[in-house]
Every structure is written in structure tokens, then in C-alpha cells.
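The structure appears right after this line, and notes come after that.
What's counted below: heavy atoms across the whole structure, side chains too, no hydrogens, waters or symmetry copies.
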Amino acid sequence: MKLNDFLQKKAWKHWDKSQWSILILAGILLMVLAIPTKEKKDEADTVRENALDAAQTADAKEDYRKDMEVRLKKALSKIAGAGEVEVMITLEDAGESIVEKDLANDTSKVQETDTSGTGRQEERTQKTLASVYAEENSTKTPFVGKEMMPKVAGVLIVAQGGEDTLVKQNISEAVMALFQIDVNRIKVVKMSIQEEEY
């Protein structure tokens, strides 16, 4: 049935209440779906910001790891008998930012006396911790008081002098001192003559 025929025959006049209510509800549903809401935009912005933060954190972690590898490689290659050295470091986490907190103490004293002359005294102390924010261009960001660098999970050292027990011990002790990790998280191996870059 075409719309023009439907309107000319006035078939809609013979509809019952359920057909009209379905039509009205469908119209309302279409209107609601068409109206953009701020909440959806806020959720999308939040998801986008979280994704950017995660990407920045991953990049920062990778940069930190690479910098530590370069510095460790330079230091270990100077150990007597170590020769050429390649280093690989794995990290446990991405580090931690500790936000400054403001401690507020609220003390209230209540003193009551009844008609017989007996009294009681009550003192209440309420402590409140609130994050400290820095405000710039009407944007509040938490004030970070302390940055904890990522923790090292393990270190692999491939050294030309890696078969010598004394060299292995010196390398392991140097890595233990630098990263505060146990010896079981450090592996020192001899570099093959046919070195391949990885």
C-alpha cells in the first residue's frame, strides 16, 4: 500500500489504541535516538583521554627501558674482561605517580550538663585527606609530589667475556647494585662469534 493511497482512504481513522500507541512510541524513540547527549560525548572524551594516557605511559616506559639499556651497556662494557656487551631489560610496571594530599583536622567539643548537675564532655576529631590540585587555564591536574620509576623485573647480559666466572660475578654484582634485584633475575651469557643484532 502506498502512502498516498493510505492517506486518501483514511485507513488510519480505523486504527485501534494499540496501533496508535505503537506509532507514538516509535516516534518518541526516534526522537530520543536523534538527540545528542552530553554524557555520550563526555564518555567518548574520557575513553579517548584514557587511551592517550595509556599510550603515553607505554611510550614513557619504553623510553625509560631503552635509556637504561644504553647506560647499562656502556657501564658493563668497561668491566675488565667483559668485552663487547648487549643488554636487555624487562620492567615489572610503568612506575607510579604519588599525588600530594592535604590533611585537614576538624575537632569539635561537646559539653552537656543535665538538670541533676551531672555532665559529660565529648571530643570528636575528623581527619580528611584531599588531593592537591594545580590549576592552569581552568584545568585542574593533580599535583604529583613523587615519581616512582618502573621496577626492573629482569636483566639479560650477553657479553664476549661471559664464559669467565669472575667476569660473570662482577657483571651480576654490578647489576644487583644498580637495580636492587636478586641474582636469580640476572642472566649473563657468552656472546657468540657470529653476533646477530636483535
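- Closest heavy-atom contact between Ala80 and Val167: O-CG2, 3.7 Å.
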Apply side chain to side chain contact (heavy atoms under 4.5 Å, CB included) to Val175 and Leu76, showing your working.
CA-CA 9 Å; Val175 173; Leu76 293 179; 4.2 Å; yes
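- The environment of Lys190 atom NZ is dense: over 12 non-hydrogen atoms of other residues, nucleotides or ligands sit within 6.0 angstrom.
- Within the 3.5 Å criterion, the main-chain N or O of Leu166 finds a donor-acceptor partner in the side chain of Asp164.
- Hydrophobic clustering (ILVMFWY, side-chain heavy atoms < 4.5 Å, transitive): Val189 and Met191 are in one cluster.
- With Ser77 contributing its side chain and Val85 its backbone, the two residues share no donor-acceptor pair below 3.5 Å.
- In this structure, the salt bridge (charged side-chain N to carboxylate O under 4.0 Å, His left out) partners of Arg185, at least two apart in sequence or on a different chain, are Glu92.
- Here the closest heavy-atom approach between residue Met176 and residue Asp182 is recorded as CG-C, 4.4 Å.
- In this structure, Lys168 has no side-chain hydrogen bond (donor to acceptor under 3.5 Å, both in side chains) partners at least two apart in sequence or on a different chain.
- Distance check, rounded to the nearest 0.5 Å: CG of Leu25 to OG of Ser18 gives 11.0 Å.
- Formation of a donor-acceptor pair under 3.5 Å by the Gln160 side chain with backbone atoms of Glu84 is found in this model.
- At a threshold of 4.5 Å between side-chain heavy atoms, the hydrophobic network of Ile, Leu, Val, Met, Phe, Trp and Tyr places Val155 and Val70 in two separate groups.
- Distance OG/Ser21 to CD1/Ile28: 10.5 Å, rounded to 0.5 Å.
- The minimum heavy-atom distance linking Ala174 with Ile79 is given by the pair CB-CD1, 4.3 Å.
- Under a 4.0 Å N-O distance rule, the pair Glu69/Lys73 does not qualify as a salt bridge.
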